[in-house]
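Fair warning: this is a prediction, and the values are worked out from it, not measured in the lab. Just so it is clear: chains get the letters A, B, ... in the order the sequence lines come, proteins before strands, and each one is counted from 1. Quick note: numbers below take in every heavy atom, side chains included, and nothing from hydrogens, waters or symmetry partners.
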There are 2 protein chains.
Amino acid sequence: MREFYTITELTKEFSVSTRTIRFYEDEELIKPVRRGRTRLFRPSDRLLLKQILRGKRLGFSIAEIREIIEVYKAPSGEEGQIKLMIERINQKRKELEQKRQDIDDTMREMDNAEENCIERLAELRVSQ
Amino acid sequence: MREFYTITELTKEFSVSTRTIRFYEDEELIKPVRRGRTRLFRPSDRLLLKQILRGKRLGFSIAEIREIIEVYKAPSGEEGQIKLMIERINQKRKELEQKRQDIDDTMREMDNAEENCIERLAELRVSQ
DNA sequence: GATTTGATTGACTTTTACGTAAATCAATTA
DNA sequence: TAATTGATTTACGTAAAAGTCAATCAAATC
């Protein structure tokens, strides 16, 4: 495993702009180290970026992604804090399940739409 | 099945503002009929709204939702057009499968996070 | 030593998806 | 008939998530 990635390596790997990556740093979602002024991204930073972009694809806002990332971290604090964290995890699970249901529904409509197309194609051939 | 819904009935059912619904009409995603100036939403308009909001939850933009809705419609045109439509359907399927994968991955991380929390709770109890 | 290359910072701009407020209208109720 | 209620139109405002551009800098190359 590589020790560091440059910003352009990551922009290429994930097809995002440098502006986007710097924006996530401004938002303190990623905290790359520096050599002089230049950012150096560790594998853990790269993983974070991957998780952020995954969240984006699912339509989560930066604020929501921040929450999700908080949840990923090692749990700390006393019992109450940790139980609260578990509740937040279950909340996120519910949101994800809703999205999964939405995907299933949309998929079904796609199947439907395709069948209609195929039928229409058959009709066109018969009527020739 | 009801013949018409008012705009406020729909705002309540789906927890959106009138502004949102009118915005979708401006974008020509929904085309309610009118009695005078007042909008009347048919069951088909209601279904469309439902589909739009489903797309939103999945993080699709208005432009993407417009595409998806196009796909739902009854296929028309000649063979080339319909084959093109089938390709667009398959493209959307890919996007949906990516999202499904993203959900699965995030779910797994949630399971992980919860396990860590439970472990931490156990540790706290032992060390008392 | 001059210049090219890659990265940074800062500031202003843009797009999307609505929010909000004011003026208008039409129908119902007091 | 006056006033309330619910809906409409118009228009300006806004937050989020970057895009874009200019100036700067540092290291490498010619």
Side-chain angles (χ1 to χ4, degrees), chain A residues 2-42 45-46 48-70 95 98-99 102, chain B residues 2-42 45-46 48-70 95 98-99 102:
Chain A
R2 307 243 332 244
E3 193 179 2
F4 292 123
Y5 304 86
T6 69
I7 196 166
T8 24
E9 281 174 334
L10 294 185
T11 64
K12 279 168 192 163
E13 177 173 4
F14 296 111
S15 302
V16 294
S17 68
T18 57
R19 180 70 181 85
T20 298
I21 293 179
R22 289 189 197 115
F23 173 70
Y24 295 151
E25 188 187 6
D26 272 4
E27 293 290 315
E28 303 196 325
L29 293 177
I30 317 181
K31 290 172 187 164
V33 295
R34 302 269 176 151
R35 177 163 53 209
R37 310 202 307 167
T38 306
R39 293 166 178 82
L40 294 178
F41 296 82
R42 292 154 293 185
D45 296 315
R46 178 177 167 280
L48 263 173
L49 179 57
K50 204 173 187 172
Q51 292 169 337
I52 293 167
L53 297 174
R54 203 171 63 197
K56 286 248 73 187
R57 281 195 301 272
L58 290 175
F60 287 113
S61 69
I62 297 298
E64 289 170 317
I65 290 173
R66 200 194 310 283
E67 279 180 33
I68 294 175
I69 284 176
E70 272 308 305
E95 291 175 39
Q98 171 69 65
K99 283 181 201 283
D102 288 332
Chain B
R2 307 245 331 244
E3 194 179 1
F4 293 123
Y5 303 86
T6 70
I7 196 165
T8 25
E9 280 174 335
L10 294 185
T11 63
K12 279 168 191 164
E13 177 173 5
F14 296 111
S15 302
V16 294
S17 68
T18 57
R19 180 70 182 85
T20 298
I21 293 178
R22 289 189 195 115
F23 173 71
Y24 296 150
E25 187 187 6
D26 272 3
E27 292 290 313
E28 304 197 326
L29 294 178
I30 317 180
K31 291 172 185 163
V33 297
R34 302 268 175 152
R35 177 163 54 208
R37 310 201 309 166
T38 306
R39 292 167 178 82
L40 294 178
F41 296 82
R42 292 154 294 187
D45 295 315
R46 179 176 166 282
L48 263 172
L49 179 57
K50 202 172 188 172
Q51 290 169 338
I52 293 167
L53 297 175
R54 202 171 63 197
K56 286 248 70 188
R57 282 195 299 272
L58 290 175
F60 286 114
S61 69
I62 297 297
E64 288 170 318
I65 290 172
R66 200 193 311 285
E67 281 180 32
I68 293 175
I69 285 176
E70 272 308 306
E95 290 173 42
Q98 170 70 64
K99 283 181 201 283
D102 287 332

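The side chain of A:Arg39 approaches C:dT8 more closely than any other nucleotide in the set C:dC18, D:dA17, C:dT8. Of the listed nucleotides (C:dA7, C:dA17, D:dA18), C:dA7 has the atom at the smallest distance from the side chain of A:Ile7. Considering only the side chain of A:Thr38, C:dA7 comes nearest among D:dT8, D:dA17, C:dA7.
Whole-Å rounding puts the A:Tyr5 OH to C:dA7 P distance at 16 Å. Regarding B:Phe23, its CZ atom lies at a distance of 16 Å from the P atom of D:dT9, rounded to whole Å. Going from atom CD of B:Glu25 over to atom C1' of D:dT8 covers 11 Å, rounded to whole Å. If you take CG of A:Asp26 and P of C:dT9, they are 9 Å apart, rounded to a whole angstrom. In this structure, the CD1 atom of B:Ile21 is 11 Å from the P atom of D:dA7, given to the nearest Å. In this entry the distance linking CD of A:Glu27 with C1' of D:dA15 reads 12 Å, nearest Å. Taking atom CG of B:Leu40 as the reference point, atom P of D:dA7 lies 11 Å away to the nearest angstrom. With rounding to whole Å, B:Arg35 atom CZ is found 11 Å from D:dT8 atom P.
The shortest distance between the side-chain N/O atoms of B:Thr18 and the OP1/OP2 oxygens of D:dA7 is not below 4.0 Å. Residue A:Thr6 has no polar side-chain atom (N or O) positioned under 4.0 Å from OP1 or OP2 of C:dG6. For B:Thr8 and D:dA7, the shortest distance from a side-chain N or O to OP1 or OP2 is below 4.0 Å. Phosphate proximity of C:dA17 to B:Tyr24: absent, as no side-chain N or O sits under 4.0 Å from OP1 or OP2.
Residue A:Arg19 holds its CZ atom at 10.5 Å from CD1 of A:Ile7, rounded to the nearest 0.5 Å. The distance from atom CD of A:Glu13 to atom CZ of A:Arg46, rounded to the nearest 0.5 Å, is 4.0 Å. Put simply, CG on A:Leu49 and CG on A:Leu10 are 6.0 Å apart, with the number rounded to the nearest 0.5 Å.
For B:Arg37 and B:Ala63, each mapped to the nucleotide of DNA chain C holding its nearest heavy atom, the one lying further toward the 5' end belongs to B:Ala63.
The pair B:Asp102-B:Lys99 does not meet the salt-bridge criterion, since no charged nitrogen lies less than 4.0 angstrom from a carboxylate oxygen.
Among the heavy atoms of the strands lying under 4.0 Å from B:Ser17 are primed sugar atoms or P, OP1, OP2 only; no base atom is included. Using a 4.0 Å heavy-atom distance criterion, A:Arg22 is classed as a base contact. In this structure, B:Arg34 reaches the sugar-phosphate backbone alone: every heavy-atom distance under 4.0 Å involves primed, P, OP1 or OP2 atoms, never a base.
With hydrogens and angles ignored, a donor-acceptor pair under 3.5 angstrom links the side chain of B:Arg19 to the base of C:dT20.
Shown here for A:Val16 and A:Thr11, the closest heavy-atom pair between the two residues is O-CB, 3.0 Å.
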